[in-house]
Amino acid sequence: MGREEQIEEREVLDSIFPDEISDISETEYRISIPLDIPDDEAEPPVMLLTVRYPEDYPDKAPMLELSAPQNTTPHQYLNVAEDKDQLLTGLEATVEENLGMAMVFTLVSAVKEAAEQLVEERKEAAARVHEEAVLAAEREENKKFHGTPVNSETFLKWREGFLKEMEEARVREEEERLAEMKKARIKEPAKLTGRQLWEGGLAAAVEEEGEEDGMPTADLQKLKVGE
C-alpha cells in the first residue's frame, strides 16, 4: 500500500512541478524551489529539496535534504548551506501533523514560506541597522550646530575654564604693568660737575679744551666751580 501511494503522489507532483522536479531513483527525486522576494533586485535564491521515500512512507517521515544549485552565489540574506538545518528543523512539526498522508507538496510550500520569511526578517533587520547608522550620523552632524547641552555639570566646567582664563589675563596685565613701571624708573646718567671732573682726573682735559676755545683756564675753573 505504501508504494502505491508513493507512485500516486509522484505523479501529482509531476503535474504541479513539471519543470522543477527531476528523478534520482524510483524512490528519490529533487524539486527546485525558487523563492519570491519582493523588491529584490538580486537574482531570486533557489533551493533544492531532495526527497527520498522510506518503505513505509507516508506512515513514516520522508528523508529530506536541502541544498543550493551548484556554482551559485549565496543570496545576500540566505545561505542554503548555512540555513538548511534551521529550515529542515522547522518542518518537523508539519511532518508530524501529516503522517499517514501524502505530504511532499505541503512540505515544499512550508519550507518555501519559511525561507522567504527568513529573508524578509533579515532584510528588515539590515534596514533598521542602516537607518540607525544614518540617524547616528545626523545626530553627530547636528551637534556641530546645537553645541553642548547646558546642565549643572557642563556649566560648572565652563565656569572653571572661564575663571581660569580671566586669572591668566589678569596676571599678564599685571606683569606688563610692572614691566612698564620698571622702564620708567631708569634715568639717564647724571652729568658730572667741574669739581667731579677735577676729582676724577679729567680736569686736565677740560683745561686743554678751555685754552683751545680762548677762555683762561682759571676762569673756566671758576665757572665750573660756580656750577
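Note: hydrogens, waters and symmetry copies are ignored here, and every other heavy atom, side chains too, is used. All residue numbers in this chain count up from 1 along the given sequence. A quick note: this is a predicted structure, and the numbers were derived from the prediction, not measured.
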K.L.:
Please find the pair of heavy atoms, one from Ala102 and one from Pro58, that lie closest to each other, and give the distance.
P.N.:
N-CB, 4.3 Å
K.L.:
For Met103, does its backbone N or O pair with a side-chain atom of Glu9 as donor and acceptor, under 3.5 Å?
P.N.:
yes
K.L.:
Please round to the nearest 0.5 Å and tell me the distance separating atom CG of Leu87 and atom CE of Met47.
P.N.:
6.0 Å
K.L.:
Quick test of your reading of the model: are Arg170 and Glu167 salt-bridged, counting only N-O distances below 4.0 Å?
P.N.:
yes
K.L.:
Verify the cluster assignment for Ile16 and Leu48: are they in a single hydrophobic cluster under the rule of side-chain heavy atoms below 4.5 Å apart?
P.N.:
no
K.L.:
Kindly check if the number of other-residue, nucleotide or ligand heavy atoms within 6.0 Å of CD (Glu120) is above 12?
P.N.:
yes
K.L.:
Would you mind reporting whether Val108 and Glu20 have side-chain heavy atoms less than 4.5 Å apart?
P.N.:
no
K.L.:
Show, in sequence, the C-alpha distance, side-chain angles and deciding distance for Ile37 and Lys123, and conclude whether the side chain to side chain contact (heavy atoms under 4.5 Å, CB included) test is met.
P.N.:
CA-CA 10 Å; Ile37 310 298; Lys123 284 179 63 177; 4.1 Å; yes
K.L.:
Does any non-hydrogen side-chain atom of Glu43 lie less than 4.5 Å from one of Thr72?
P.N.:
no
K.L.:
Under a 4.5 Å side-chain heavy-atom rule over Ile, Leu, Val, Met, Phe, Trp and Tyr, are Leu64 and Met101 clustered together?
P.N.:
no
K.L.:
How far apart are the closest heavy atoms of Val46 and Pro69, and which atoms are they?
P.N.:
O-CD, 3.3 Å
K.L.:
Treating Gln6 as the side-chain partner and Pro54 as the backbone partner, does any N or O pair qualify as donor plus acceptor under 3.5 Å?
P.N.:
yes
K.L.:
Checking side chain to side chain contact (heavy atoms under 4.5 Å, CB included) for the pair Arg177/Met181: CA distance, chi angles, key distance, verdict?
P.N.:
CA-CA 6 Å; Arg177 187 180 69 83; Met181 292 177 62; 3.2 Å; yes
K.L.:
Looking only at heavy atoms, what is the nearest atom pair of Arg3 and Thr27, with distance?
P.N.:
NH1-CG2, 3.8 Å
K.L.:
Are any side-chain N or O atoms of Glu116 and backbone N or O atoms of Asp36, one a donor and one an acceptor, separated by less than 3.5 Å?
P.N.:
yes
K.L.:
Hey, could you give me the OG1/CD distance between Thr94 and Glu113, rounded to the nearest 0.5 Å?
P.N.:
9.5 Å
K.L.:
What distance separates Leu118 CG from His75 NE2, expressed to the nearest 0.5 Å?
P.N.:
11.0 Å
K.L.:
Search all heavy atoms of Leu91 against all heavy atoms of Leu107 and return the closest pair with its distance.
P.N.:
CD2-O, 3.8 Å
K.L.:
Parallel, tilted or perpendicular: which fits the ring planes of Tyr53 and Tyr57, with parallel below 30° and perpendicular above 60°?
P.N.:
parallel
K.L.:
Take a 6.0 Å sphere around CD of Glu132 and say whether it holds more than 12 heavy atoms from other residues, nucleotides or ligands.
P.N.:
yes
K.L.:
So which heavy atom on Tyr29 is nearest to which on Val104, and how close?
P.N.:
OH-CG2, 3.4 Å
K.L.:
For Glu28, run the side-chain contact (heavy atoms from CB on, under 4.5 Å) check against Asp23, Val51, Thr50 and tell me which one passes.
P.N.:
Thr50
K.L.:
Of all heavy-atom pairs between Asp59 and Gly100, which one has the smallest distance, and what is that distance?
P.N.:
OD1-CA, 3.5 Å
K.L.:
Calculate, to the nearest 0.5 Å, the distance between atoms CD1 and NZ belonging to Ile31 and Lys112 respectively.
P.N.:
13.0 Å
K.L.:
Are the charged groups of Lys84 and Glu65 less than 4.0 angstrom apart, N to O?
P.N.:
yes
K.L.:
Out of curiosity, does Met166 fall in the hydrophobic cluster containing Trp158 (side-chain heavy atoms, cut-off under 4.5 Å, transitive links)?
P.N.:
yes
K.L.:
Does CD belonging to Glu153 count more than 12 external heavy atoms closer than 6.0 Å?
P.N.:
no
K.L.:
Any chance CD of Glu8 has more than 12 other-residue heavy atoms, nucleotides or ligands included, within less than 6.0 Å?
P.N.:
no
K.L.:
Hey, is the main chain of Arg10 close enough, under 3.5 Å, to the side chain of Asp14 for a donor-acceptor pair?
P.N.:
no
K.L.:
Could you give the distance from CG (Leu88) to CG (Leu66), rounded to the nearest 0.5 Å?
P.N.:
4.5 Å
K.L.:
Step through it carefully: locate the ring centre of Phe155, locate the ring centre of Phe162, and say whether they are under 6.0 Å apart.
P.N.:
no
K.L.:
What's the separation between atom CD in Glu5 and atom CG in Asp56, rounded to the nearest 0.5 Å?
P.N.:
11.0 Å
K.L.:
Is the count of non-hydrogen atoms from other residues, nucleotides or ligands lying under 6.0 Å from Glu174 atom CD greater than 12?
P.N.:
yes
K.L.:
Does the side chain of Glu180 come within less than 4.5 Å of Glu176's, by heavy atoms?
P.N.:
no
